[in-house]
Amino acid sequence: MSERHSRQELLPPSPPATGSATVTVFASPASWIESDAVAQCHQVAALDGMTHVAAMPDLHPGKGAPIGAAMASTVLYPFLVGSDIGCGIAVFPVKLKRAVPEKLAARFPDLDRALDPERDADDPAWAVAQDGIPAGHVEGLGTVGRGNHFVELARVGTVFEPGHAARLGLAAGDLVLIVHSGSRGLGERILREHTAVHGAGPAPDPGAYLAMHDEAVRWGSLNRRLLAARVAHALGAEPTEPILDQCHNLVELRDGSYLHRKGAAPGDGRDVLIAGTRGTPSYLVAAHAGPDAGHSVAHGAGRKMSRADALRRGRAKHTVEELRRTPMGSLVVCGDRQLLFEEAPTAYKRIEQVIADLVHHDLATPVATTIPLVTYKTPDLGPAPQRDHRDQRRKRGRP
DNA sequence: ATGTAC
C-alpha cells in the first residue's frame, strides 16, 4: 500500500522491474488514486512488448485497462484503447445575444435521436459533413451517447493566459459549446470484432486494425461537429469550427512504438479542454507533455467512485432537483435519474487538484476556465427545477 | 461506453 503511494512521487520514473515496463503516476499524494487503478497500470506494464505506462492524475479503474493513461508498446493492443475509439472533447465558440439557462435548456434538441441522412435530409447540421461519413456508418450519427458524455453550453470564466486565449478567439464571458462524445456503436463493433477472435491479445495485423480505428477516430470527430451544429441551430446560433478537438481514446505510431491513449488527451503542444463535472468548471490548458508522460495529459476530473457507489451514495446524499440545478446555478438536462446520480459532481475528483498535478509536473499551463450554464446529457423529464429553496436558504441564513 | 440480453 505505502509502496504504491510512494510511487506516485517518483519522477523521473523508477528503473523497471526485470521484464516489465516503467510505470509513472503523474499525481501528487493529495490526489486520491485508487489502488486498483495503479494495479491495472502494473498489469498492463507486464504485457508483452510494453515499454512505458504514464498514468494521469485522473486515473481510475477501467474494464481490464486503466482509464487516464498513455501506454506505449512494441505491439498494438486494441483493448488498451477500448470500445469508444475516437472519443474526445471539442470546443466550439458560440454567439448568443442572451444566455438564460432556463430558456436555453428547454431548446436543446433530442440528442438521443440519430440524424437520418434521408429522413433528416433537410437538417442544416449536415453542412459540417461535407467530406462524407467515415465507414459509411450512419447508425447513431449525431447522438451524444451516455456515460460521461455530454454537450455543454458554458461561459469562459477566469482567463489565466489572455494572450493565448485571444489567439483562440476567447475572452472572459464568451460562450462556448463543449462536446464530449465518441464513435458510439462503430468503435464498439471494431473492438468486438477483434476481441471475438483474439481476446485481449495484440492485433496480428496492426494495419488492418488501424484502418478501421482511424475511421472511428474521424467518425467521433464528425459526430462532435454534428452535435455542436445541431445544438447551435436549435439555440439560434451559427455553427462554428472547433477551436480545439482532442481525441483521448486512440492509438498512434510514435517513435517506433504504439502509443495507446485511454482517457488521456494528446499533450504534445496542443490545447486541451480538461472536463470538470456537471457542476464545476472545466479547464482549457496549453499542454506540453514530454515522453515520460506519454506526450499526454488528463482528459477530465476522473471518477472517484464507481458508478454503483455513486448511485448508492448519491441517492442518500442528493435530491434529483439539486443535481438538475447545480450550486453554480447551471442546469443539467438529464431525464435518466440513475445517470444523474452516477454523474454527480461528488462522484468525481476535484478538477482543481487534477490541474494542479499537471502544472506541478509541468505537463500543462491553464489558459482559462469554463463555467457551465447548461449541460445536456439525455432528454429531460420536464421543466427545469425552479431556483430552489437552497438559494432562498442561502439568502436567509447567511450574510 | 456500448448494444443487447435478461
Side-chain angles (χ1 to χ4, degrees), chain A residues 34 36-37 40 56 58-69 71 77-90 111-116 134-135 137-152 178-197 199-200 209 212-213 215-224 226-227 246-251 260-265 275 277-278 298-311 334-344 347-348 375-379:
Chain A
E34 230 178 297
D36 286 356
Q40 282 185 335
M56 298 295 122
D58 58 339
L59 187 79
H60 56 284
K63 221 175 182 176
I67 300 167
M71 300 159 278
Y77 288 99
F79 90 99
L80 293 183
V81 175
S83 62
D84 198 2
I85 305 161
C87 186
I89 297 179
L111 301 176
D112 278 1
R113 182 181 163 283
L115 280 175
D116 185 289
H137 182 88
V138 294
E139 204 181 316
L141 195 56
T143 63
V144 66
R146 290 289 172 107
N148 58 357
H149 292 175
F150 63 85
V151 178
E152 181 172 283
I178 304 168
V179 181
H180 180 186
S181 189
S183 60
R184 310 290 282 111
L186 177 60
E188 199 271 341
R189 190 187 78 202
I190 292 167
L191 180 65
R192 185 156 30 80
E193 282 172 3
H194 172 85
T195 53
V197 183
Y209 170 81
M212 294 185 287
H213 160 283
E215 290 287 278
V217 168
R218 281 191 284 274
W219 200 99
S221 183
L222 171 61
N223 202 37
R224 291 187 284 280
L226 282 168
L227 284 161
Q246 304 300 355
C247 170
H248 51 238
N249 290 352
L250 83 170
V251 58
H260 310 75
R261 289 194 177 92
K262 172 72 171 174
T277 69
R278 277 24 70 205
H299 80 309
R303 294 199 74 83
K304 182 170 71 183
M305 288 176 215
S306 68
R307 291 188 176 276
D309 282 349
L311 188 59
C334 183
D336 180 337
R337 288 158 190 267
Q338 177 171 328
L339 185 60
L340 213 40
F341 288 116
E342 287 175 359
E343 290 288 306
Y348 283 84
T375 307
Y376 178 100
K377 298 286 292 179
T378 192

**Q** Could you tell me how far apart His180(A) (NE2) and dT2(B) (C1') are, to the nearest whole angstrom?
**A**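 Between C1' of dT2(B) and NE2 of His180(A): 14 Å.
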**Q** Taking only residues two or more places apart in sequence, or in another chain, which ones meet Phe79(A) in a ring pair (Phe, Tyr, Trp, His ring centres under 6.0 Å)?
**A**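 By the ring pair (Phe, Tyr, Trp, His ring centres under 6.0 Å) rule, Phe79(A) matches no residue at all.
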**Q** Who pairs with Tyr209(A) by ring pair (Phe, Tyr, Trp, His ring centres under 6.0 Å), at least two apart in sequence or on another chain?
**A**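 Tyr209(A): ring pair (Phe, Tyr, Trp, His ring centres under 6.0 Å) contacts with His213(A).
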**Q** Distances under 3.5 Å only, N/O to N/O: pair up the protein atoms with those of nucleotides 3-6 of chain B.
**A**
| residue | atom | partner | partner atom | Å |
| --- | --- | --- | --- | --- |
| dG3(B) | OP1 | Gly185(A) | N | 3.4 |

**Q** Please name all residues satisfying side-chain hydrogen bond (donor to acceptor under 3.5 Å, both in side chains) with Arg146(A), sequence neighbours left out, ordered by chain then number.
**A** Asp112(A), Asp336(A), Thr378(A)
**Q** Output all residues satisfying side-chain hydrogen bond (donor to acceptor under 3.5 Å, both in side chains) with Glu343(A), sequence neighbours left out; order by chain, then residue number.
**A**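 Partners of Glu343(A) under the side-chain hydrogen bond (donor to acceptor under 3.5 Å, both in side chains) test: Arg303(A), Arg307(A), Tyr348(A), Lys377(A).
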**Q** Could you pull out all residues at least two apart from His149(A) that satisfy side-chain hydrogen bond (donor to acceptor under 3.5 Å, both in side chains)?
**A** Asp84(A)
**Q** Take the protein atom CG of Asp84(A) and the nucleotide atom P of dT2(B), then report the distance between them rounded to whole Å.
**A** 5 Å
